[in-house]
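Reading through the structure tokens given below for one structure.
Here is how names work: the chains are called A, B, and so on, in the same order as the sequence lines, proteins then strands, and each is numbered from 1.
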2 protein chains.
Amino acid sequence: MKTLKIPEATIIRLSMYSRYLSQVEERGVEMISSGEIAEGVGVSPAHVRKDLAYFGEFGTRGVGYNVGELQSHILNILRLNREWRVVIVGIGYLGSALTMYRGFRERGFDIVGIFDADAAKVGRELSGLTVRPLEELESIIREKQVGIGIITVPATEAQQVADKLVAAGVSAILNFAPCVLTLPPHVELRNVDLSVNLEVLTFNLGSRRKF
Amino acid sequence: MKTLKIPEATIIRLSMYSRYLSQVEERGVEMISSGEIAEGVGVSPAHVRKDLAYFGEFGTRGVGYNVGELQSHILNILRLNREWRVVIVGIGYLGSALTMYRGFRERGFDIVGIFDADAAKVGRELSGLTVRPLEELESIIREKQVGIGIITVPATEAQQVADKLVAAGVSAILNFAPCVLTLPPHVELRNVDLSVNLEVLTFNLGSRRKF
DNA sequence: TAGATTGTTAATCGATTAACAATC
DNA sequence: TAGATTGTTAATCGATTAACAATC
């Protein structure tokens, strides 16, 4: 059995290909080449073929890829051929935004519970969901077999929340709090920092010599 | 003159070091070693030293780094030693969340205008700012010398908005719409996709062999 | 067969890491 | 001087790209 390590950049690109294929599918296109996909998402054709080659042979030489089939293969690879149930903890502005964000549902992520420690927020309705107290976190996660927890609380509370999510049995955590979380190795963690994106931009601006 | 290309990963790590140093500064610590920084942000000590070495010699052999000085150097490198004026276009849930997000202001990003094409939203107050119509975008950008535009409109409108931002003279665009933007080369672009983060998590979950 | 495009190899390029000389 | 930690080199590792054989 091959246990090739897949670069994370490959996974991110697969996600981009998949989104682009959705658009292409809507236009009713049946076949597509690596070059067209590459142009559509802004990478090289060799990249497209290499990324796909990690997982199998999905195309026909001399012809290209069947759009629907390729899309289906990529969704399988990304494990998006099922629903993932998600909870969001911390219903401030960011948590609210993520709760309303339609992009998650489109990709098979179903938000089934939203939580906040602030009693003043508990009971509010948002996008068809009711904000619940943290005490109910564990029971909801177990009951609805939630796999993923999203943390949008302040950094000072993030570790506590993470511990509760882990105790309740989530497999993965997406953390928006700017802090380093300590988790058992069987839980997947991904940190997102919104403002680092602006900082990369400002650095790049500064390092340009042309303007 | 050296024109070494700096890896983007280095910039992202510098941003992390800087955040960690802020915490350390608050505790009143004066000196710190590459090993401590490395542990604090979860990278290797060699990484910390190498990243810094791209830009100069900021430490003292046998001793370590002065926390305040190092912080100041990193902020210079990231161009955070000044204020950056920012506008946000598209005041849906995500745009609202970013408007309220305190993390930007902390790092020197000052949101000076928020805009929406929807007349029903124009005039609303948010975080001390009033939602303005798109027609006022150009004049505000010029008047307040805005350098960065954040796009949080639907994908179908993103290119139009980007064109307006460019015409008005922004230097950089942070795009949250899931689409490929075409911009002149003198404008820095960075795309952020919120749901790709969840997809990387689900892929990683699927590719674990241990559980 | 001629034209086209994939899948894959090999070469290039770049980033990470270990190790150590420099130096406080 | 002995101990410690940086700055830097060289070795390793991994990812990207170009090129082409395979094949429709």
Side-chain angles (χ1 to χ4, degrees), chain A residues 2-17 20-21 24 29-74 77 200 203-204 207, chain B residues 2-17 20-21 24 29-74 77 200 203-204 207:
Chain A
K2 275 192 285 189
T3 352
L4 223 37
K5 215 211 142 200
I6 315 293
E8 185 175 292
T10 287
I11 306 308
I12 292 173
R13 283 192 301 265
L14 284 174
S15 171
M16 292 162 56
Y17 306 155
Y20 181 66
L21 290 176
V24 169
V29 176
E30 289 215 350
M31 299 300 292
I32 196 167
S33 70
S34 59
E36 292 169 291
I37 298 172
E39 213 195 329
V41 306
V43 302
S44 74
H47 242 147
V48 174
R49 297 199 299 275
K50 192 71 196 286
D51 288 336
L52 295 172
Y54 281 112
F55 302 98
E57 305 192 1
F58 306 129
T60 308
R61 293 171 196 228
V63 179
Y65 302 89
N66 177 289
V67 174
E69 276 177 25
L70 182 58
Q71 174 72 301
S72 160
H73 281 301
I74 296 178
I77 293 164
V200 172
F203 172 82
N204 286 341
S207 62
Chain B
K2 275 194 285 188
T3 352
L4 224 38
K5 216 214 139 197
I6 314 293
E8 185 175 293
T10 287
I11 305 307
I12 293 174
R13 284 192 300 266
L14 284 174
S15 172
M16 291 163 56
Y17 305 155
Y20 181 65
L21 290 176
V24 170
V29 176
E30 290 215 349
M31 298 301 291
I32 196 166
S33 70
S34 59
E36 291 169 292
I37 297 173
E39 213 194 330
V41 306
V43 301
S44 73
H47 242 148
V48 174
R49 297 199 299 275
K50 191 71 195 288
D51 288 335
L52 295 172
Y54 281 112
F55 303 97
E57 305 192 1
F58 306 128
T60 309
R61 293 172 196 229
V63 179
Y65 302 89
N66 177 290
V67 175
E69 277 177 26
L70 183 57
Q71 174 72 302
S72 161
H73 282 300
I74 296 179
I77 292 165
V200 173
F203 172 82
N204 286 340
S207 62

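- A close approach under 4.0 Å does not occur between any side-chain nitrogen or oxygen of A:S33 and OP1 or OP2 of C:dT5.
- Residue B:S34 is tested with B:L52, B:V43, B:V48 for a side chain to side chain contact (heavy atoms under 4.5 Å, CB included); the sole match is B:V48.
- Of the listed residues (A:V29, A:I74, A:V41), just one forms a side chain to side chain contact (heavy atoms under 4.5 Å, CB included) with A:L21, and that residue is A:I74.
- DNA chain D contains the following stems of three or more consecutive Watson-Crick or G-U pairs, with both distances under 3.5 Å: C:3-24 with D:3-24.
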For A:Q71 and A:Y65: C-alpha separation, side-chain torsions, deciding distance, then whether side chain to side chain contact (heavy atoms under 4.5 Å, CB included) applies.
CA-CA 10 Å; A:Q71 174 72 301; A:Y65 302 89; over 6 Å; no

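- Residues passing the ring-ring contact (aromatic ring centres under 6.0 Å, His included) test with A:H73 are A:F58, sequence neighbours excluded.
- If you measure from atom NZ of B:K5 to atom P of C:dG14, you get 7 Å, rounded to the nearest angstrom.
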Worked verdict on A:Y54 versus A:L14 for side chain to side chain contact (heavy atoms under 4.5 Å, CB included)
CA-CA 11 Å; A:Y54 281 112; A:L14 284 174; over 6 Å; no

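- Each of A:A9 and B:G35 has a nearest nucleotide on DNA chain D; the 5'-most of these lies closest to B:G35.
- Among the nucleotides D:dC24, C:dT17, D:dA15, the one closest to the side chain of A:V63 is D:dC24.
- Contact between the side-chain N/O atoms of A:Y65 and the OP1/OP2 oxygens of D:dC24 is not found at any separation under 4.0 Å.
- Distance CD1 (B:I6) to C1' (C:dT16): 15 Å, rounded to an integer number of Å.
- Counting to the nearest Å, the C1' atom of D:dT6 and the CD1 atom of B:I32 are 14 Å from each other.
- One distance of note links CD of B:E69 with CD of B:E30; it measures 10.0 Å at 0.5 Å rounding.
- Note: CD1 (A:I12) to C1' (D:dA15) measures 14 Å, nearest angstrom.
- The shortest distance between side-chain heavy atoms of A:M31 and A:V67 does not fall below 4.5 Å.
- Counting to the nearest Å, the C1' atom of C:dT5 and the CZ atom of A:F58 are 17 Å from each other.
- The nearest whole Å value for the distance from the CG atom in B:D51 to the P atom in C:dT16 is 8 Å.
- For B:S34 and D:dT5, the shortest distance from a side-chain N or O to OP1 or OP2 is not below 4.0 Å.
- To the nearest angstrom, P of D:dT6 lies 16 Å from NE2 of B:H47.
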Quick one: which protein N/O atoms are closer than 3.5 Å to N/O atoms of nucleotides 8-12 of chain C? Pair and distance per line, please.
residue	atom	partner	partner atom	Å
C:dT8	OP1	A:E57	OE2	3.2

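- Checking A:G62 against A:S44, the closest nucleotide of DNA chain D that is more toward the 5' end is the one next to A:S44.
- Counted by atom type alone, A:S33 and A:E36 present one or more donor-acceptor pairs between their side chains at under 3.5 Å.
- The NE2 atom of A:H73 sits 15 Å away from the P atom of C:dT6 (whole-angstrom rounding).
- Considering NZ of B:K5 and OG1 of B:T10, their distance stands at 10.0 Å, rounded to 0.5 Å.
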